[in-house]
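Notes follow once the structure below has been shown.
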Amino acid sequence: MHTRREHLAAIVTILPSIILLGIFVYGFIANSIYMSTTDWGQTAAMSLDPQIESVGLDNYRDLFTGFLNVRFRQDLVNMFFFTLLFVGLSLLVGLVLATIIDQLFWGETFFRTVFLYPMSLSMVVTGTIWRWILQPRGGINVLPTLIGLPPGKFLWLSSRDQRLVFDWSHLLHYACWVLLVVLAISAYSQWRQGKKGRLAWHLVICGVLAGLIASRVLTRLRLLPYPEMHGFNDALWGVVIAAVWQMSGYTMALYLAGLRTIPSELREAARVDGGSELQIYRYVDLPLLKPITASAIVILGHIALKIFDLIFAISSPDHYPTSMPAVTMFLKAFRGNELAVGSAIGVILFFIVSLLIVPYLIVSFRREE
Amino acid sequence: MKRFCLLTAAFCVVLVATLAVAAAAAPQGKLEIFSWWAGDEGPALEALIALYEAKYPEVTVINATVTGGAGVHAKAVLKTRMLGGDPPDSFQVHAGQELIGTWVVAQRMEDLTWLFQEEGWFEVFPEDLLALISTDEGIWSVPVNIHRSNVMYYIPENLKKWGVEPPKTWDEFLAIAPSLQEQGVIPLSLGENWTAIHLWESVALSYLGPDKYDDLWEGKLSWTSPEVVGVWELFGRILEYTNPDAPSLSWQQATDMVVAGQAAFNIMGDWASGYMSVTLGVKPEEGYGWAPSPGTEGVFMALSDSFGLPVGSPNRENTIAWLKTIGSKEGQDTFNPLKGSISPRIDSDLSKYDVYLQSAARDYQSNRIVGSLAHGTVANERFMNDFATVMDIFLANKDPQAAAYAAQAVAIQSGLVK
């Protein structure tokens with residue numbers, strides 16, 4: 001039993017951090033949300049007592065549909081593809097490295113350190129180094145000449161070519177497609193696990209989405225009066241490579257720790273049952289690594305969504321094909337003096353990151369209970 | 001348990017005490033100078049500070065620099081300080097609309113007309129320059145240096161080898177560019193986004209002429225007018241002769257291409273002179289040649305760093321002394337030869353400057369002066385920020401009409417066109 005004194009001491013001890021967090025985190029979030037609904041950023045934005053008027057959600061509407069905010073929309077598309085590629089490749093590379101190192105008889109500590117080392121660098125250093133390595137006239141592109149081949153021509157960071165181009169005014173249509181694919185995958189896993197009730201729900205929603213797409217209602221509901229094309233920029237590959245180089249060692253360490261916690265009895269039991277090494281890996285190791293994958297997705301995902309320093313160092317701030325919302329937020333607020341628009345971008349980022357983190361926290365809390 | 005409470009209490013006390021000390025006003029006898037001059041530009045500022053300290057030994061100068069991003073980071077830090085009510089005594093700012101559009105309209109600067117009168121600066125600074133740094137309400141900063149934006153660089157020896165002359169107009173450039181390309185030479189080297197804006201302003205000045213160029217910034221010439229669409233068209237044709245990897249190059253790397261013989265010409269501000277002669281060891285005239293960018297002979301496109309007097313400067317008297325020092329002939333001739341720029345004063349002692357700077361100073365004193373867009377002289381920060389996006393979209397789609405309309409929208413939103 002805790003005494004009252006101990007309770008009191010605990011409260012007093014924790015109070016300063018609660019107050020500081022309350023002001024500097026939650027208070028500022030609230031303040032940003034308020035600022036994003038104003039027009040702060042007009043002519044005299046920097047006066048000591050700026051004239052700020054409420055404009056409701058105009059800043060948000062303008063960001064998603066305004067003629068001049070085309071850059072922000074490309075940023076969102078860039079962020080989407082970057083997050084997908086960065087998280088996916090980091091997990092894959094990390095898992096492969098961890099599996100190999102786990103099998104080694106010697107040099108494990110050495111390789112672990114080698115692969116983990118990039119993580120100790122700051123993103124700015126990584127960005128600067130890779131900016132040099134990916135120079136179109138040097139670095140990687142001249143490597144083939146060492147064995148007598150012509151130099152590479154790929155513009156790693158400066159290409160303006162786009163793939164998977166789509167019309168932003170049909171965004172809802174494409175969002176439906178993405179949702180449909182995600183739900184279909186989820187439905188498949190429910191079916192595998194034999195959870196009939198959930199499967200039914202999934203199928204109903206999939207049906208509705210498929211109906212919506214087939215009916216073409218959403219393509220008629222245009223966000224913009226004119227077509228505006230966005231897509232995956234080839235220049236993002238350079239950024240993805242640098243980011244994966246930095247963070248895959250981290251996922252490797254996570255997976256390696258995970259592999260070490262798998263009780264050897266499980267593997268031995270599988271061996272007794274006649275499982276091959278490959279089968280043991282597939283049916284014993286990989287399923288037990290799932291919680292680690294989930295944590296890694298959340299950690300890497302929020303890094304990817306908020307990425308700023310790497311972009312600033314590896315590319316120039318106004319290079320549209322590699323720009324991200326956080327970069328535009330900084331430039332809008334502190335270079336263009338449009339503080340309200342900057343706040344609105346910050347709030348949008350905050351919600352996107354919350355979409356990733358909140359479900360994870362809920363699941364973790366439930367597990368603890 | 002008691003110790004725990006005590007510790008917590010002590011922690012709170014320390015926290016409050018720190019905040020209290022931070023909030024207290026700085027004592028007399030100090031002067032805080034805020035700038036982004038470090039690295040190569042550091043010694044010039046330090047020389048200026050040394051001169052000040054020799055004149056006013058009782059004042060301690062705090063040299064507050066925030067480096068990186070060509071001033072982007074420093075400006076962000078400055079804005080948070082100013083909004084928090086903690087202005088430095090004086091801060092570096094590009095003279096002209098970058099100062100006026102952000103700080104003067106917000107009533108954060110003091111009018112310096114009286115200082116200009118007292119020091120006799122109306123006689124020594126050219127009228128064109130004074131017009132760029134003033135509004136109807138006053139003069140807002142003391143220019144400490146002048147850089148020229150419309151300069152074209154080349155290596156005379158290489159040009160001879162390739163059989164071309166430095167073009168006097170863009171038509172001449174477009175005529176010789178194909179033959180350079182056939183010889184495997186990039187006719188015009190270009191770097192990241194802002195260097196494209198830098199090139200654009202020179203093209204605009206040449207296509208519009210100085211009068212209409214000024215009209216553009218005074219809101220008298222529409223961005224959608226056929227002339228301005230023509231600027232974008234010409235700019236697009238010039239871009240065809242630039243290097244495809246431009247977005248990943250810094251301005252130095254674009255200059256390097258000319259020095260290395262990979263490119264024929266580069267248009268850059270005259271800090272490139274300092275870069276070539278000091279960093280690369282290529283001497284002016286013998287090593288590299290220069291000319292006004294095509295079609296801008298007789299016009300000097302200027303940009304200038306300056307310092308002003310913020311409202312609420314904690315050590316106002318010291319700041320005024322600082323402004324007097326940097327505006328004086330002695331101050332400017334101490335600073336500029338080291339910085340690689342010329343003095344805004346027309347009475348500066350040219351013998352202290354190198355060959356290039358002497359030629360720039362002669363042009364400055366005789367030419368028509370207009371202001372630079374890329375470096376904050378003619379447009380406010382909101383316009384510049386969004387214009388960078390307009391430029392990057394144009395670099396991708398090369399659509400002059402769309403760029404003209406987007407620029408017009410930016411001009412309206414930023415208050416450039418009323």
Side-chain angles (χ1 to χ4, degrees), chain A residues 3 5-6 8-10 12-16 19-20 41-50 66-72 74 124 131 134-137 153 155-160 162 229 235 238 312 314-323 328 330-339, chain B residues 1-2 4-5 7-9 11-12 15 69 72-73 75-77 79-80 82-83 85 101-103 105-108 191-194 196-197 243-250 253 257 262 311-312 380-386 388-393 395-397 405-406 409-410 413-415:
Chain A
T3 63
R5 269 183 86 94
E6 276 174 326
L8 198 67
V12 170
T13 320
I14 209 168
L15 201 61
I19 292 172
L20 291 178
Q42 302 309 308
T43 321
M46 291 291 154
S47 66
L48 265 181
D49 180 24
F67 173 52
L68 285 177
N69 284 308
V70 48
R71 169 168 177 172
F72 172 72
Q74 179 63 51
V124 175
R131 186 188 178 121
L134 298 174
Q135 276 293 310
R137 293 153 195 278
K153 287 260 180 255
L155 300 172
W156 291 97
L157 291 164
S158 40
S159 168
R160 289 188 189 276
Q162 282 197 329
M229 308 315 279
F312 223 80
I314 206 168
S315 151
S316 54
D318 288 304
H319 188 45
Y320 184 92
T322 56
S323 175
T328 303
F330 174 74
L331 294 178
K332 275 272 182 197
F334 291 108
R335 198 176 67 177
N337 297 341
E338 292 179 77
L339 292 140
Chain B
M1 213 64 278
K2 231 179 204 167
F4 234 42
C5 295
L7 268 177
T8 318
F11 173 69
C12 293
L15 190 77
V72 175
H73 305 325
K75 287 174 205 167
V77 172
K79 280 169 192 172
T80 55
M82 293 287 272
L83 283 175
T102 300
W103 301 116
V105 294
Q107 295 175 343
R108 303 298 296 271
E192 57 190 281
N193 180 292
W194 74 260
I197 298 175
N243 42 313
D245 59 353
S248 25
L249 303 187
S250 63
Q253 286 171 306
M257 286 173 67
Q262 294 163 332
V311 173
N380 61 41
E381 291 191 296
R382 184 166 173 183
F383 179 87
M384 287 164 65
N385 189 42
D386 283 337
T389 301
V390 174
M391 176 55 74
D392 225 64
I393 295 169
L395 292 175
N397 68 15
Y405 276 105
V410 172
Q413 282 203 348
S414 62

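Within every chain, numbering begins at 1; the chains are lettered A, B, ... in the order of the sequence lines, protein sequences first and strands thereafter. The figures here come from the full heavy-atom set of this structure, side chains too, leaving out hydrogens, waters and symmetry mates. All of these numbers come straight from a predicted model, not from anything done at the bench.
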Open item on the list: Among B/Q253, B/K75, B/Q262, which residue has the highest count of heavy-atom pairs closer than 4.5 Å to chain A?
Closed with: B/Q253
TODO: Against chain A, work out which of B/A409, B/A106, B/A396 has the most heavy-atom pairs shorter than 4.5 Å and name it.
DONE: B/A106
Open item on the list: Can you give me the closest heavy-atom contact between B/M391 and B/I197, atom names plus distance?
Closed with: CG-CG1, 3.8 Å
Task: Partner chain B: residue of A/R137, A/R131, A/Q42, A/Q162 with the largest heavy-atom pair count (under 4.5 Å) - done: A/R137
- [ ] Mind ranking A/L15, A/L155, A/T43, A/L48 by heavy-atom pairs under 4.5 Å with chain B and telling me who comes out on top?
- [x] A/L48
Open item on the list: Looking at B/S248 and B/D245, would you say the former's side chain and the latter's main chain have a donor-acceptor pair under 3.5 Å?
Closed with: yes
Open item on the list: Does the plane of the ring in B/H73 sit parallel, tilted or perpendicular to the ring in A/F330? Use 30° and 60° as the thresholds.
Closed with: tilted
TODO: Using non-hydrogen atoms and a 4.5 Å limit, figure out which bit of A/R335 sits close to chain B: side chain, backbone, both or neither.
DONE: both
Open item on the list: Any non-hydrogen side-chain atom of A/W156 less than 4.5 Å from a side-chain atom of A/P136?
Closed with: no
Task: Max heavy-atom pair count under 4.5 Å with chain A, selected residue of B/E381, B/M82, B/M384, B/Q107 - done: B/E381
Task: Donor-acceptor contact below 3.5 Å, side chain A/R71 vs main chain A/T328 - done: no
TODO: Without swapping roles, check the side chain of B/N193 against the backbone of A/S316 for a donor-acceptor pair under 3.5 Å.
DONE: no
- [ ] Kindly check if the number of other-residue, nucleotide or ligand heavy atoms within 6.0 Å of OH (B/Y405) is above 12?
- [x] no
Open item on the list: Which atoms of A/Y320 are under 4.5 Å from chain B, going by heavy atoms: the side chain, the backbone, both sets, or neither?
Closed with: both
Open item on the list: With a 4.5 angstrom heavy-atom cut-off, is it the side chain or the backbone of B/L395 that approaches chain A, or both, or neither?
Closed with: both
Open item on the list: Between B/V77 and chain A, with a heavy-atom cut-off of 4.5 Å, which part of the residue counts as in contact: side chain, backbone, both or neither?
Closed with: neither
Open item on the list: Is B/T80 close to chain A through its backbone or its side chain, or both, or neither, when contacts mean heavy atoms under 4.5 Å?
Closed with: side chain
Task: Contacts of type salt bridge (Lys or Arg N to Asp or Glu O under 4.0 Å), residue A/E338, not counting sequence neighbours - done: A/K332, B/R382
TODO: Give the member of A/T322, A/L157, A/L331 that has the highest number of heavy-atom pairs under 4.5 Å with chain B.
DONE: A/L331
